[in-house]
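Right, one structure below, let's go through it.
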Amino acid sequence: MKNLNPSSAFAKTTWKNHFSTKSNLTTWFNKYLDKSNVSSWNSIIAELARGGDSTEALRAFYSMRRLSLKPNRSTFPCAIKACSALLDLYSGKQTHQQALIFGYDTDLFVSSALIDMYSKCGQLRDARILFDQIPQPNIVSWTSMITGYVQNNNPGQALLLFKELLIQESENDGDASNEHVFVDSVAIVSVISACSRVPVKGASEGIHGMVIKKGFDGDVAVENTLLDAYAKRGDVALSRKMFDAIVDKDDVSWNSMISVYAQNGMSNEALEVFYEMVRDNNVSYNIITLSSVLLACAHSGALQTGKCIHDQVIKMDLENNVIVGTCIIDMYCKCGRVEMARKAFNCMKVKNVRSWTALISGYGMHGRAKEALEVFYEMIRNGVRPNYITFVSVLAACSHAGVVQEGWDCFKAMKEEFKVEPGLEHYSCMVDLLGRAGYLNHAYNLIKEMKVTPDFVIWGSLLAACRMHKNVELAEISAYKLFELDSNNCGYYVLLSNIYADAGRWKDVERMRLVIKDRGLVKSPGFSLVELKGRVHIFLVGDKEHPQHEKIYKHLQELNVKLQGVGYIPKLTSAPYDVDDEEKGLTLRVHSEKLAVVFAIMHTFPGATIHVIKNLRICGDCHTFINLISKIVDREIVVRDSKRFHHFKDGSCSCGDYW
DNA sequence: ATAGGGTTAG
């Protein structure tokens, strides 16, 4: 990736991202147009609905009705569309009623709009009843219904309906008269989207074949959907290939590619495409782009870039959008700045359950259970109903801080008061909370009570807790479950081996070592990230690839000497047994977080806070090392590991050594 | 003057 200064990348293009301020058409109308003219009202309603101001469109429709003007066949589709956009089922039903009264409910335009409205509002059955009542549905009717199934998580049914459509089409005999339906590019887009959501191998390839056969492969929306479909199947490389092949890329193409990278954790690639998009003179980025970029920043801990995006959101006057606002909260939390997140949260005019949840989750990952719970209670007092994910965040907060009683109370309240059925994530939080606090049998009993089959996360939490509390018996039970569930994961064998070692059972240690060796299992390599001047640097365990690695090791050595002066003893490994032992040889494989921290010390001003992201959990030795470093170099060091944040300051860590 | 599709958050 090019070494771009994100703020300068923006400076050039700010001007072209002006969002047209919504002129208040109703005011304009009140002044200049003839209120008794239905056509004038129709234009107004259509213009507002198309411009995305559905509230105003609906208001205009109601004003028109108050004047006792008769709406016609052009009025209803727009009014219904506005209800659909607002997910306003109540107004939708009322408008449907009016359409019935005026005899327009069988109109193809009106019925398509109604099918769309009912399915967007989650009333798929009503949508289907309407569809079945249409004597001769056209391609728009079919597509509305197919899309309804896709958007209500029933892609299988969508594909079945598409098959019916194809049969219908094949009976046309090539006669292109009005009564005949032909699959068009809009229908194809909907069907590709269905294919990408259905768990059938080769579904996307199948539809891609049809796209080419029917000649839709030059349509940019079709291409964009295929790009997304391949990414959903997990083939990001193919997705990129599709992207590169689009000649007439539009903003959605760019947004899709950025989103694909962001959602697959490829943050640098996401930013690279974004900067390229910024430089492209034919497209402009929008709120969707910025949301995806913020996600990439959150993922890689790119705080400086994230702040630039936040500035950009403000400049573009988009900070009142609830989605981008939630992205900003999440970005600050995941970049270690939970206070900034709180500030952004407080400024939000519109908050929804996901905004609240983002903040709760943020406090939780920083080990601040008290604040997480306070926000949770405040949310309930505000009448916002917590959902499945909210409770995952609340329970995770409790587990990170070891807050057993409140955690248990919330778990109970979730089931009994809020009627949220506990899922795998909730159980893994509870097992972790109870297990680490020493209530191993309670944790085990909870697992046995589960209605869903416990997964590797749950058994893994129990196994880790068993190590902490030296319970070999329960450790063996958990480990053997894990070997069944995920037999190639080296970590479980290492953990069990360490538990045996703690108990002095050396024969068992040797047995585990042999299993690892015989199966050729390897640990997933650790890596850490540090952002410097808008660029994210990656460090691998024992890194010799980074251009500055020699300087970094030299500086690390100097720091080690200083630390040894205050009593630090570098450990070869923090565990009694480590698979790396055999490959250790002459040089120690330095963990990536040490390299990242040293690199950051070398390249930032004295006193500046250091942020590091690590893909695995931080080990005991690195924890001690960074703790002491924070005192010696007088720096605040923030480390996000795979589980949570550690804020090191003046020789102590926010986790209280409980992690 | 009217209907259906592709990209965004916890």
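The structure presented is a predicted model; accordingly, all values stated were derived computationally and were not measured. Computed over heavy atoms, backbone and side chain alike; hydrogens, waters and symmetry mates excluded. Per chain, numbering begins at 1; letters A, B, ... match sequence-line order.
At a threshold of 4.0 angstrom between heavy atoms, the contacts of Thr147(A) are confined to the sugar-phosphate backbone, with no base atom among them. Within 4.0 Å of Asn352(A), counting heavy atoms only, lies at least one base atom of the nucleic acid. Using a 4.0 Å heavy-atom criterion, one finds that Ser43(A) contacts no nucleic acid atom at all. Using a 4.0 Å heavy-atom criterion, one finds that Ile80(A) contacts no nucleic acid atom at all. When heavy atoms are screened at a 4.0 angstrom cut-off, Thr225(A) is found touching the sugar-phosphate backbone but no base atom. No engagement by Ser193(A) is indicated, since no non-hydrogen atom pair under 4.0 Å with the nucleic acid exists.
Checking dG10(B), dG4(B), dA1(B) against every side-chain atom of Asn42(A), the shortest atom distance belongs to dA1(B). Relative to the side chain of Val222(A), the nucleotides dG4(B), dG5(B), dG10(B) differ in distance, and dG5(B) lies closest. Closest to the side chain of Arg73(A), from the set dT2(B), dG4(B), dT7(B), is dT2(B). The side chain of Arg354(A) lies closest to dA9(B) when the candidates are dT2(B), dG4(B), dA9(B). When distances are taken from the side chain of Lys232(A) to each of dA3(B), dG10(B), dT7(B), the shortest belongs to dT7(B). Closest to the side chain of Ala46(A), out of dT2(B), dG5(B), dT7(B), is dT2(B). Of the candidate nucleotides dG4(B), dT7(B), dA3(B), dG4(B) has the atom nearest to the side chain of Ser144(A). The side chain of Lys81(A) sits closest to dA3(B) out of dA3(B), dT8(B), dG10(B). Between dG4(B), dT7(B), dT2(B), one nucleotide has an atom nearer to the side chain of Asp228(A) than all others, and that is dT7(B).
Looking at Ser190(A), its side chain has no donor and acceptor atom pair within 3.5 Å of the base of dG5(B). Contact annotation: side chain of Asp184(A) to base of dG4(B), donor-acceptor pair present below 3.5 Å.
Between the side chain of His400(A) and the main chain of Lys643(A), a donor-acceptor pair closer than 3.5 Å is present.
A salt bridge does not link Arg279(A) to Glu276(A): none of the charged nitrogens lies less than 4.0 Å from a carboxylate oxygen. A salt bridge links Asp330(A) and Lys334(A); the closest N-O separation between the charged side-chain nitrogens and carboxylate oxygens is under 4.0 Å. Ionic pairing of Glu169(A) and Lys214(A) is present here: one or more N-O contacts between side-chain nitrogen and carboxylate oxygen are shorter than 4.0 angstrom. Between Lys343(A) and Glu319(A) no salt bridge is recorded (no basic side-chain N to carboxylate O distance below 4.0 Å). We find that Glu371(A) and Arg368(A) are joined by a salt bridge, their nearest charged nitrogen and carboxylate oxygen being less than 4.0 Å apart. A salt bridge links Arg240(A) to Asp244(A): one of the charged nitrogens lies within less than 4.0 Å of a carboxylate oxygen.
Protein atom CD1 of Ile139(A) is 11 Å distant from nucleotide atom C1' of dG5(B), rounded to whole Å. Between the C1' atom of dG5(B) and the CG atom of Leu161(A) lies a distance of 15 Å, rounded to the nearest Å. We find that CD1 of Ile146(A) is positioned 10 Å from C1' of dG4(B), with the value rounded to whole Å. We find that CG of Asn138(A) is positioned 12 Å from P of dG4(B), with the value rounded to whole Å. Between the CG atom of Asp217(A) and the P atom of dG5(B) there is a distance of 22 Å, rounded to whole Å. Here the P atom of nucleotide dG4(B) and the CD1 atom of Ile188(A) are 19 Å apart, to the nearest Å. Across the protein-nucleic acid pair, Leu58(A) atom CG and dT2(B) atom P stand 18 Å apart, rounded to whole Å. Protein atom CD1 of Ile329(A) is 15 Å distant from nucleotide atom C1' of dT8(B), rounded to whole Å.
In this structure, the ring of His96(A) has its center no less than 6.0 angstrom from the ring center of Phe76(A). Note: Phe411(A) and Tyr427(A) meet the aromatic proximity criterion, with ring centroids under 6.0 Å apart.
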Task: Intermediate values then yes/no, side chain to side chain donor-acceptor pair (under 3.5 Å), Arg197(A) and Ser193(A) - done: CA-CA 7 Å; Arg197(A) 286 164 170 82; Ser193(A) 167; 2.7 Å; yes
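Counted within 6.0 Å of CG on Asp248(A), heavy atoms from surrounding residues, nucleotides or ligands total 12 or fewer; the atom is thus considered open.
Residues from residues 247-262 of chain A lying near DNA chain B, meaning a heavy-atom separation below 4.0 Å, are Asp250(A), Val252(A), Asn255(A), Ser256(A), Ser259(A) in numerical order. Heavy-atom distances under 4.0 Å link DNA chain B to Leu108(A), Phe109(A), Ser112(A), Asp116(A) of residues 107-119 of chain A, given in residue order.
Gln263(A) has a side-chain polar atom (N or O) that falls below the 4.0 Å cut-off from OP1 or OP2 of dA9(B). A sub-4.0 Å separation between OP1 or OP2 of dG5(B) and a side-chain N or O of Lys120(A) is present.
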